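To start, the structure under review is shown below, and the notes come after it.
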Amino acid sequence: MAAQTAVAFLGLGAMGLPMAEHILAAGFPLTVWNRTQEKGDALVAAGAVRAASPQAAAAAADVVFTCLPTQDEVRDVLQRADGLLAGFRPGATFVDTSTIDPTASQQLIALCAQHGIAMIEAPLSGGTTGAKAGTLTMMIGGEAAVLERVRPVLESMAKNIFHVGAPGMGQTLKLCNQMIAGAQTIALSEAYAILHAAGVDAKLATDVFAVSTANCVAIQQRVPVPGVLPNSPATNGWKPGFATEWMAKDLFLSLQFARSLDIPVAQNAANLMCFEQAMQAGYRKLDQSVFGKVLIDAVDEAKRRG
């Protein structure tokens with residue numbers, strides 16, 4: 001398939017760039033487009049072709065990927081005058097890996113169908129670490145036959161590929177995943193602030209939690225104290241990871257979607273407020289676990305004031 005399937009990738013951010021690198025490394029002819037052209041320089045140097053517009057990118061590809069921050073950007077890249085809909089080849093497949101509102105994703109898939117384009121949603125889990133390692137998890141919503149058509153390309157960058165149902169279901173599952181992940185991050189932040197205030201050694205506490213009922217992905221990856229986990233964001237200047245602003249965006253989407261279903265999600269709403277607090281503190285671009293720093297810094301400030 002690599003010799004026959006041309007791929008376009010739009011959105012070369014922290015997730016999209018390494019995903020596109022894996023596609024190119026797997027041997028697929030690759031065309032790239034990004035609003036900031038320089039982000040594609042390394043890919044072009046490695047053999048990718050830079051497109052002048054989304055339309056030109058789509059015209060060069062059998063399979064088109066987007067990895068964009070918001071649903072408004074996905075819609076714009078599709079519908080602008082020089083957008084994807086103006087350039088898709090007959091029989092092309094569109095794969096959106098962005099995390100967006102499930103209803104919006106359903107609308108976009110229906111829009112593409114009206115233009116004869118098969119689209120699936122493929123939101124991701126694994127963060128920048130998974131994107132760089134090629135071990136992402138994908139939650140596919142849409143027709144199973146379309147997924148199978150593009151599976152070889154997906155396998156170049158993802159380890160776990162799940163078909164979870166009809167359009168919108170992939171995004172629903174992703175938002176619920178983010179609710180759980182965000183809750184873990186806030187729980188750890190609050191717990192380690194208490195440990196810090198009480199003088200309990202964070203490394204010892206982590207060792208205990210790792211073999212207790214508190215064990216979770218966040219304990220393994222996102223302890224919010226520098227030096228406890230060698231590869232954690234906290235130990236590496238709160239990078240790499242999943243930026244606070246994007247976790248806040250995802251929790252906002254999940255809150256809005258839950259409200260549309262009349263589901264009360266009080267804890268999710270409270271967690272969103274915590275991430276918003278971290279953004280107000282100036283940590284928008286840093287890993288979501290930086291909320292632990294916000295709380296621990298507050299503990300230290302209170303001690304200084306006596």
Side-chain angles (χ1 to χ4, degrees), residues 11-19 21 39 67-70 97-99 123-137 157-159 174-196 202-203 205-206 209-210 214-255 267-268 270-300:
L12 303 175
M15 295 289 290
L17 178 60
M19 292 164 64
E21 288 173 340
K39 290 187 176 181
C67 186
L68 300 168
T70 70
T97 68
S98 316
T99 298
L124 314 163
S125 183
T128 54
T129 300
K132 291 175 181 177
T135 58
L136 291 167
T137 293
M157 54 185 158
K159 180 180 179 181
K174 172 60 186 292
L175 293 182
C176 289
N177 179 84
Q178 297 303 82
M179 290 173 66
I180 296 168
Q184 290 182 10
T185 298
I186 299 305
L188 257 69
S189 298
E190 295 177 346
Y192 278 83
I194 293 172
L195 295 171
H196 182 73
K203 178 63 170 66
T206 302
F209 293 151
N215 192 26
C216 60
V217 171
I219 288 291
Q220 302 298 326
Q221 299 179 357
R222 281 197 161 85
V223 171
V225 179
V228 173
L229 298 178
N231 296 318
S232 70
T235 300
N236 296 286
W238 305 97
K239 295 179 180 180
F242 189 66
T244 299
E245 63 179 333
W246 302 133
M247 178 56 83
K249 183 266 290 185
D250 290 352
L251 294 194
F252 176 78
L253 289 176
S254 66
L255 181 63
Q267 180 178 336
N268 189 56
N271 291 340
L272 173 57
M273 292 176 63
C274 294
F275 290 117
E276 289 174 339
Q277 182 181 347
M279 290 194 293
Q280 291 166 4
Y283 301 136
R284 175 180 294 272
K285 301 294 184 182
L286 300 183
D287 182 74
Q288 55 172 310
S289 59
V290 78
F291 182 65
K293 172 177 167 57
V294 173
L295 296 184
I296 290 172
D297 286 351
V299 169
D300 290 340

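Fair warning: this is a prediction, and the values are worked out from it, not measured in the lab.
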**Message:** Do M19 and L124 have side chains that approach each other closer than 4.5 Å (heavy atoms only, starting at C-beta)?
**Reply:**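 Answer yes - side chains close enough.
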**Asked** How about W246 and P69: do any of their side-chain heavy atoms sit closer than 4.5 Å?
**Response**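 Yes; the side chains approach each other to less than 4.5 Å.
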Minimum-distance pair of heavy atoms, taken over all atoms of [X] and [Y]:
| X | Y | value |
| --- | --- | --- |
| N177 | S125 | ND2-OG, 3.7 Å |
| L188 | C216 | CD1-SG, 4.3 Å |
| L272 | F252 | CD2-CA, 4.0 Å |
| L195 | A205 | CD1-CB, 3.6 Å |
| P123 | T99 | CB-OG1, 4.2 Å |
| L17 | K39 | CD1-O, 3.7 Å |

Is the backbone N or O of [Y] less than 3.5 Å from a side-chain atom of [X], with the two atoms forming a donor-acceptor pair by type?
| X | Y | value |
| --- | --- | --- |
| T235 | L229 | yes |
| Q288 | M247 | no |
| T244 | L286 | yes |

[atom1]-[atom2] distance between [X] and [Y], expressed to the nearest 0.5 angstrom:
| X | Y | atom1 | atom2 | value |
| --- | --- | --- | --- | --- |
| D300 | L295 | CG | CG | 11.5 Å |
| T128 | L136 | OG1 | CG | 9.5 Å |
| Y283 | Q277 | OH | CD | 11.0 Å |
| M273 | I186 | CE | CD1 | 11.5 Å |
| T185 | I180 | OG1 | CD1 | 12.0 Å |
| T137 | K159 | OG1 | NZ | 8.5 Å |

**Parallel, tilted or perpendicular, as decided by the 30° and 60° cut-offs, for the rings of Y192 and F209** =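 Perpendicular, since the angle between the ring planes exceeds 60°.
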**Request:** Please indicate whether Q267 has more than 12 foreign heavy atoms, meaning atoms of other residues, nucleotides or ligands, lying under 6.0 Å from its CD.
**Result:**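 No, not enclosed.
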**Message:** I need the full list of salt bridge (Lys or Arg N to Asp or Glu O under 4.0 Å) pairs touching residues 215-232, with sequence neighbours left out, sorted by first then second residue.
**Reply:**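 Found R222-D287.
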